[in-house]
Every structure is written in structure tokens, then in C-alpha cells.
S.K.: 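Sharing a structure with you now.
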Amino acid sequence: QGDFKFTTLFPTISNHVQSKLPNIIPYIPVASPKCNMSFMADIEDTVLLRKIALMDIVIPERLKIKGNISSNDSISLNASIPQISIGKEWLRNSNINVRGSKESVIVNASTERRQKKGFSSIKLLAKAAENRLRLIANTDNNHAPKFAGELDLTANFLKTSNGMKDIRVWIAPTEMVISDTVWQIHPARLHWDSQTASIYGVKVSQGNS
């Protein structure tokens with residue numbers, strides 16, 4: 001429900017993301033017709049979804065989606081998916097939360113992926129603002145031998161004086177557990193430009209070494 005046209009929905013959603021990362025996603029601000037809407041979906045039949053995606057998608061339990069979109073640079077979305085299988089992948093307890101404003105777009109997502117010995121937990125936090133993207137990913141297999149850890153990186157998308165892309169990535173110090181042994185991921189930097197890739201300080205160590 002709201003005041004919108006179907007032809008303006010996709011441009012409005014795209015503008016929310018493009019305006020935060022214009023150096024990697026071409027963005028030209030254009031005045032668009034008013035688009036303000038709220039929505040709610042309760043889905044239990046995936047026949048149409050399988051035809052559109054050309055993939056074997058099954059949703060044994062109803063999934064729920066709700067949110068709102070505004071041309072005033074505000075967007076929100078909440079999705080709760082109790083169970084879903086995509087091809088050979090089986091996920092449960094999946095949740096997606098999206099919040100967008102004039103300053104940033106933030107995505108929180110979590111799920112549990114079926115494996116031979118139960119379900120592994122996966123969490124992702126992503127924030128896009130001012131040509132900068134931060135990603136924090138966590139995983140835990142929830143059984144022995146333990147495999148768990150976190151990766152925290154920030155990428156800054158710049159442009160050189162001649163208009164070429166210049167990408168700089170920082171890896172924050174975190175820890176990971178492999179076969180019940182704790183390893184430290186040390187801080188590091190990566191730099192890509194039009195012709196070269198430079199890597200500084202990439203290191204994984206055990207204990208205080």
C-alpha cells in the first residue's frame with residue numbers, strides 16, 4: 001500500500017545502494033516520481049519463484065517479508081525464513097534485516113546451513129556509506145572438531161586523478177578456531193589500482209607468535 005508506480009520501484013531501490021557506493025556502481029542522481037510504500041508478504045508457494053529463478057527452490061514453511069520504501073531515501077526490510085532449500089543447499093532460521101537512510105545502508109543477515117554433522121551458523125553484517133563498505137562475517141560449525149571464526153574487513157573505493165579505480169582494503173585483527181586450536185588473524189592492508197595489487201602484513205599465527 002502507498003503512493004507509487006511499479007516503474008519507479010526498481011530505480012528507487014537501486015538509488016539507495018548506488019548513492020552510497022558511486023565509485024563502483026555508476027550513479028547519476030535523477031529526480032524520480034514520488035515513491036512511498038509499505039509492504040508485507042506471506043509466501044508458501046514457490047512454483048512461480050522456481051520458474052523465475054530457474055532453480056529448485058522449496059519453502060516447507062511460510063516465509064514472511066515486510067518493509068517500506070521511500071523516495072526520501074529511507075528503506076527497510078525484514079525477512080524471516082524458517083526453512084528453505086536451494087538446489088542441494090538447505091538453510092533454516094534465516095533472517096534478513098535491511099535499513100537504509102541518506103547516510104548509509106546496513107544489512108544484517110543470519111542463517112544455519114545443514115552439513116553432515118548438523119547445522120553451522122553463519123552471520124553477516126554489511127554497511128555501505130560514502131564509498132566505503134565494511135563486512136563482518138562469522139561462522140561456527142557447532143560441533144567437534146571445531147571450525148569457527150570471524151573476518152572483519154573494510155574496503156574504500158576511490159578514484160585516481162585520471163579517473164581510474166583505486167581500492168584499499170583493511171583487515172582487522174580477529175580470531176579463528178580450527179580443530180579446537182585458536183589462530184590469530186593479524187591486521188593487514190591490500191591495495192588494488194588499475195595495474196597492480198599490493199599486499200601488506202597478511203599473517204595468521206598461533207598463540208603469541
Side-chain angles (χ1 to χ4, degrees), residues 13 17 21 39-68 75-100 104-129 132-155 169-188 190 199 201-209:
I13 296 172
V17 179
L21 301 169
F39 57 89
M40 181 174 63
D42 190 344
I43 302 171
E44 62 177 343
D45 187 349
T46 55
V47 174
L48 179 60
L49 187 59
R50 286 198 296 270
K51 291 183 179 296
I52 295 174
L54 299 177
M55 299 174 66
D56 185 17
I57 300 175
V58 178
I59 302 174
E61 300 181 42
R62 289 183 175 182
L63 71 85
K64 298 181 182 294
I65 303 173
K66 64 179 180 179
N68 64 71
I75 185 171
S76 70
L77 181 145
N78 288 284
S80 176
I81 309 172
Q83 296 183 62
I84 184 172
S85 68
I86 305 173
K88 295 182 179 180
E89 291 288 337
W90 184 274
L91 306 174
R92 72 178 186 184
N93 299 331
S94 302
N95 290 282
I96 302 171
N97 177 272
V98 180
R99 288 288 181 272
S104 64
V105 172
I106 300 174
V107 179
N108 268 291
S110 62
T111 189
E112 296 178 7
R113 178 173 176 261
R114 186 172 65 184
Q115 296 182 311
K116 291 182 179 180
K117 295 184 179 181
F119 285 81
S120 61
S121 303
I122 301 172
K123 295 180 180 179
L124 176 68
L125 168 64
K127 179 180 179 179
R132 184 180 292 256
L133 176 64
R134 186 180 184 188
L135 294 172
I136 303 177
N138 292 270
T139 186
D140 190 334
N141 64 350
N142 297 311
H143 65 76
K146 175 68 75 176
F147 179 85
E150 179 178 280
L151 180 64
D152 183 350
L153 61 85
T154 300
V169 179
W170 293 267
I171 300 176
T174 53
E175 291 185 346
M176 60 190 301
V177 180
I178 302 176
S179 296
D180 301 318
T181 300
V182 179
W183 295 81
Q184 282 76 43
I185 299 176
H186 295 263
L190 297 88
I199 302 174
V202 174
K203 180 182 177 182
V204 178
S205 66
Q206 182 182 354
N208 297 320
S209 58

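When reading the values below, keep in mind they use all heavy atoms of this one structure, side chains included, and skip hydrogens, waters and symmetry mates.
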S.K.: Can you check whether E89 reaches R113 side chain to side chain, under 4.5 Å on heavy atoms?
M.R.: yes
S.K.: Given side chains that start at C-beta, do those of L153 and L151 come closer than 4.5 Å, heavy atoms only?
M.R.: yes
S.K.: With rounding to the nearest 0.5 Å, note down the distance linking CH2 in W170 to CG in L190.
M.R.: 10.5 Å
S.K.: Please report the shortest heavy-atom distance between F39 and L77, naming the atom on each side.
M.R.: CZ-CD1, 4.1 Å
S.K.: Any chance CZ of R99 has more than 12 other-residue heavy atoms, nucleotides or ligands included, within less than 6.0 Å?
M.R.: yes
S.K.: By side-chain hydrogen bond (donor to acceptor under 3.5 Å, both in side chains), which residues pair with S120, not counting sequence neighbours?
M.R.: none
S.K.: If you define the side chain from C-beta out and look only at heavy atoms, does anything of I185 sit under 4.5 Å from I171?
M.R.: yes
S.K.: Checking N93 side chain against E112 main chain: does a donor-acceptor pair fall under 3.5 Å?
M.R.: no
S.K.: Minimum heavy-atom separation for P173 and P187, please, with both atom names.
M.R.: CB-CD, 3.9 Å
S.K.: Looking at K123, I want to see if its NZ is surrounded by more than 12 non-hydrogen atoms of other residues, nucleotides or ligands under 6.0 Å.
M.R.: no
S.K.: Looking only at heavy atoms, which two atoms of W90 and S85 are closest? And how far apart?
M.R.: CE3-CB, 3.1 Å
S.K.: Do T139 and F147 come within less than 4.5 Å of each other through their side chains, counting heavy atoms only?
M.R.: yes
S.K.: Looking at P145 and S179, what are the two nearest heavy atoms and their distance?
M.R.: CB-CA, 4.0 Å
S.K.: Hey, what do you get for CD1 (I136) to CG (L125), rounding to the nearest 0.5 Å?
M.R.: 5.0 Å
S.K.: Under 3.5 Å, which donor-acceptor pairs do the side chains of residues 51-65 form with other protein atoms, sequence neighbours left out?
M.R.:
residue: E61; atom: OE2; partner: Q83; partner atom: NE2; Å: 2.5
residue: R62; atom: NE; partner: E44; partner atom: OE1; Å: 3.2
residue: R62; atom: NH2; partner: E44; partner atom: OE2; Å: 3.4
residue: K64; atom: NZ; partner: D42; partner atom: OD2; Å: 3.1

S.K.: Go through the steps to decide whether L124 and I122 satisfy the test side-chain contact (heavy atoms from CB on, under 4.5 Å), and finish with yes or no.
M.R.: CA-CA 7 Å; L124 176 68; I122 301 172; 5.7 Å; no
S.K.: When you measure from the side chain of T174 to the backbone of E150, do you find a donor-acceptor pair of N or O atoms at a distance under 3.5 Å?
M.R.: yes
S.K.: I'd like to check N78 versus N95 (side-chain heavy atoms, cut-off strictly below 4.5 Å). Are they in contact?
M.R.: no
S.K.: In Å, rounded to the nearest 0.5 Å, how long is the span from NZ of K127 to OG1 of T154?
M.R.: 10.0 Å
S.K.: Could you go through D140 and K146, starting from their C-alpha distance and side-chain angles, then the distance that decides it, and tell me whether this counts as side-chain contact (heavy atoms from CB on, under 4.5 Å)?
M.R.: CA-CA 8 Å; D140 190 334; K146 175 68 75 176; 3.0 Å; yes
